[in-house]
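Taking it in order: structure first as structure tokens, then the write-up.
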Amino acid sequence: MSKSLRGQVNLTQVRGVDLFTGVMEAGIDTNLRHYLLGSTPETLLKLRTAIESRIPNASIVGAYSPPF
């Protein structure tokens, strides 16, 4: 995608954690609901707890840890 936009917009690096946090925060104003998928049940619980602590109004509707 960045190659196709080169010269058209000012591209900068976006780190995953910044994108994740930005999406979670933007979702508050737009009533976006989030579903956490992947990893272990313990990791998903820690992630959900961290999100609820840092972004209290984020809407997390569920989580699933598929077998691997």
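Quick caveat, the model's predicted, so the values are computed rather than measured.
Rounded to the nearest 0.5 Å, atoms OG1 (Thr49) and CZ (Arg54) are 11.0 Å apart. The CD atom of Glu52 sits 10.0 Å away from the OG atom of Ser59 when rounded to the nearest 0.5 Å.
Note on residues 33-46: no pairs pass salt bridge (Lys or Arg N to Asp or Glu O under 4.0 Å), not counting sequence neighbours.
Residue Leu45 shares its hydrophobic cluster (ILVMFWY side chains chained together at separations under 4.5 Å) with no other residue. In the hydrophobic clustering, where aliphatic and aromatic side chains (Ile, Leu, Val, Met, Phe, Trp, Tyr) are joined below 4.5 Å either directly or transitively, Ile28 groups with Phe20, Met24, Leu36, Leu44, Leu47, Ile51, Ile55, Ile60.
Here the closest heavy-atom approach between residue Ser65 and residue Pro41 is recorded as OG-CD, 3.3 Å.
Tracing side-chain contacts under 4.5 Å through hydrophobic residues (I, L, V, M, F, W, Y), one never reaches Leu32 starting from Val61; they form parts of separate clusters.
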